[in-house]
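One structure is given here, and the rest of the page talks about it.
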Protein chains: 2
Amino acid sequence: MEKTPARLTAKPSWLLGQVAVHAHRLAADGFAAVGTRGYHYRILSALDEFGAASQADLGRRVAMDRSDVVATLNELAGQALVERTPDPDDRRRNIVTLTKEGARQLKRADQALDQVQDDLLAPLSAAERDALTGMLARLLAHHRQD
Amino acid sequence: MEKTPARLTAKPSWLLGQVAVHAHRLAADGFAAVGTRGYHYRILSALDEFGAASQADLGRRVAMDRSDVVATLNELAGQALVERTPDPDDRRRNIVTLTKEGARQLKRADQALDQVQDDLLAPLSAAERDALTGMLARLLAHHRQD
DNA sequence: TATGTATTGTTGGTGACGCCAACATTGGAA
DNA sequence: TTCCAATGTTGGCGTCACCAACAATACATA
């Protein structure tokens, strides 16, 4: 394997990005195995945990643009994993609901994704995994503001 | 700020991906400020550290697909940051060389990127930063094989 | 009450990255 | 000599992040 420039290797942003690429590949493979993908999983997760919600709320919860939520819901609704009905109390909004089949699909994706975490963190001890996720969570919280 | 599903928050792959998104945004802004972008920086870095190289070698060093190296070199050569000459010893290959101006551009990008590291890791202590980059480096080394 | 401001869903588009298939040319191994 | 591998190139695709504009609707405040 050819050597990577130290200029890159020394930069946390490079390491983060490259590890994220591998993580994304693992996750995408896991998702594909059950016929879904990242955006779908995000929406299904939010619906399962917080119940029915408007599209804008969904987007804010899972860090997706409004327009991407629309496209994703079109696909999910096409597979009957989700239902979209107008909100009678606010006619700008839709109320998005998780269907039984959607919940089942989420469960399948979840199992695939659990395996991914193990593969991703294989070289780290349990204590190291905790330390890593703790620091990442702090970084994310910090950057989600401002 | 709306709450994110625990299903996501609990997954290292999610945290990694989201932090990487913020890191990428910071880096892209820094790069844009000096008129460049990630792919350019990778190529310039490899040329600066290892000297002239073939396109295939460049791609392997900085984890870029052959075809993406071609496009990037077209742009870099268009700005005279790089020169592409046929290799007399192997007529399949090109020898790519960093120009004076290319080295200057690299230096500018480097300064921008150094600032990004600080912004990215702001919430972490020096010891934590080391621990984080150490673990990320191990993960990357592990996943670069197989 | 009227008027302006914000939010929502939607459409359509852009860009960075990562990746794949195919091809002609060339080098090297069997 | 024959087959296999590597190289540069073209052209395409998918995911994710993001932006601008629009009409409809809600809300605040003057």
Side-chain angles (χ1 to χ4, degrees), chain A residues 2 8 13-14 16-32 35-43 53-75 77 82 84-96 143-144, chain B residues 2 8 13-14 16-32 35-43 53-75 77 82 84-96 143-144:
Chain A
E2 268 87 354
L8 298 182
S13 62
W14 163 264
L16 199 52
Q18 288 302 297
V19 175
V21 166
H22 287 280
H24 183 270
R25 192 168 21 224
L26 290 173
D29 288 350
F31 284 146
T36 188
R37 60 196 185 88
Y39 272 7
H40 291 203
Y41 181 76
R42 297 194 201 180
I43 298 292
S54 75
Q55 303 184 188
D57 279 348
L58 288 173
R60 279 185 291 262
R61 285 197 212 280
V62 300
M64 281 175 61
D65 189 88
R66 300 209 299 287
S67 62
D68 297 319
V69 173
V70 171
T72 303
L73 286 181
N74 288 343
E75 297 166 4
V82 133
R84 201 165 13 180
T85 58
D87 183 341
D89 296 343
D90 186 340
R91 310 228 309 273
R92 294 171 302 180
R93 291 182 161 123
N94 290 331
I95 298 182
V96 182
H143 288 287
R144 291 222 324 165
Chain B
E2 268 86 355
L8 297 182
S13 61
W14 163 263
L16 199 52
Q18 287 302 296
V19 175
V21 166
H22 287 280
H24 183 270
R25 191 167 24 222
L26 290 173
D29 289 350
F31 284 145
T36 188
R37 60 197 184 87
Y39 274 8
H40 292 204
Y41 181 76
R42 297 192 200 180
I43 297 292
S54 75
Q55 303 184 187
D57 279 348
L58 287 174
R60 279 185 290 262
R61 285 198 211 278
V62 301
M64 280 174 62
D65 189 89
R66 299 209 301 287
S67 62
D68 296 319
V69 173
V70 171
T72 303
L73 287 180
N74 288 342
E75 296 166 5
V82 133
R84 199 162 18 177
T85 58
D87 184 340
D89 296 342
D90 184 339
R91 311 227 310 273
R92 293 171 303 179
R93 290 182 161 120
N94 288 332
I95 298 182
V96 182
H143 288 288
R144 290 218 329 161

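Numbered from 1 within each chain, the chains take letters A, B, ... in sequence-line order. Since the model is a prediction, treat every value here as computed from it, not as a measurement.
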Compare all side-chain heavy atoms of [X] with those of [Y] and state whether any distance is below 4.5 angstrom.
{"X": "A/Asn74", "Y": "A/Arg84", "value": "yes"}
{"X": "A/Met64", "Y": "A/Ile43", "value": "yes"}
{"X": "B/Leu26", "Y": "A/His143", "value": "yes"}

Task: Heavy-atom pair of closest approach, residues A/Gly59 and A/Val69 - done: CA-CG2, 3.7 Å
Provide, to the nearest angstrom, the distance between the [atom1] atom belonging to [X] and the [atom2] atom belonging to [N].
{"X": "B/His40", "N": "C/dC17", "atom1": "NE2", "atom2": "P", "answer": "9 Å"}
{"X": "B/Leu58", "N": "D/dT7", "atom1": "CG", "atom2": "P", "answer": "11 Å"}
{"X": "B/Met64", "N": "D/dT7", "atom1": "CE", "atom2": "P", "answer": "16 Å"}
{"X": "B/Ile43", "N": "C/dA16", "atom1": "CD1", "atom2": "P", "answer": "15 Å"}
{"X": "A/Trp14", "N": "C/dC17", "atom1": "CH2", "atom2": "C1'", "answer": "12 Å"}
{"X": "B/Asp87", "N": "C/dT25", "atom1": "CG", "atom2": "C1'", "answer": "14 Å"}
{"X": "B/Tyr41", "N": "C/dA16", "atom1": "OH", "atom2": "C1'", "answer": "18 Å"}
{"X": "B/His24", "N": "C/dG18", "atom1": "NE2", "atom2": "C1'", "answer": "11 Å"}

Report, one pair per line, the protein and nucleotides 8-12 of chain D atoms (nitrogen or oxygen only) whose separation is under 3.5 Å.
from: D/dG8; atom 1: OP1; to: B/Gln55; atom 2: N; distance (Å): 3.1
from: D/dG8; atom 1: OP1; to: B/Asn94; atom 2: N; distance (Å): 3.1
from: D/dG8; atom 1: OP2; to: B/Ala56; atom 2: N; distance (Å): 2.6
from: D/dG8; atom 1: O3'; to: B/Asn94; atom 2: ND2; distance (Å): 3.4
from: D/dG8; atom 1: N7; to: B/Arg66; atom 2: NE; distance (Å): 3.1
from: D/dG8; atom 1: O6; to: B/Arg66; atom 2: NH2; distance (Å): 3.0
from: D/dT9; atom 1: OP2; to: B/Gln55; atom 2: OE1; distance (Å): 2.9
from: D/dT9; atom 1: OP2; to: B/Gln55; atom 2: NE2; distance (Å): 2.9
from: D/dT9; atom 1: OP2; to: B/Arg84; atom 2: NH1; distance (Å): 2.9
from: D/dG11; atom 1: O6; to: B/Ser67; atom 2: OG; distance (Å): 3.4

Phosphate contact ([N] OP1 or OP2) by [X] side-chain N/O below 4.0 Å:
{"X": "A/Arg42", "N": "D/dT15", "result": "no"}
{"X": "A/Tyr39", "N": "D/dG14", "result": "no"}
{"X": "A/Gln18", "N": "C/dC17", "result": "no"}

- [ ] Select from A/Val21 and A/Asp90 the residue whose nearest nucleotide in DNA chain C is closer to the 5' end of that strand.
- [x]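 On the 5' side of the pair lies A/Asp90.
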Open item on the list: Test your reading of the model: is there a side-chain donor-acceptor pair from A/Asp90 to the backbone of A/Arg92, 3.5 Å cut-off?
Closed with: yes
- [ ] Measure from the side-chain N and O atoms of B/Arg42 to the backbone N and O of B/Val62, and report whether any donor-acceptor pair falls under 3.5 Å.
- [x]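 Checking the backbone N and O of B/Val62 against the side chain of B/Arg42, a donor-acceptor pair under 3.5 Å is found.
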TODO: Would you indicate what A/Gly38 reaches in the nucleic acid, counting non-hydrogen atoms under 4.0 angstrom: base, sugar-phosphate, or nothing?
DONE: sugar-phosphate
Open item on the list: Applying side-chain contact (heavy atoms from CB on, under 4.5 Å) to B/Arg60 and B/Gln55, what does each step give before you reach the verdict?
Closed with: CA-CA 9 Å; B/Arg60 279 185 290 262; B/Gln55 303 184 187; over 6 Å; no
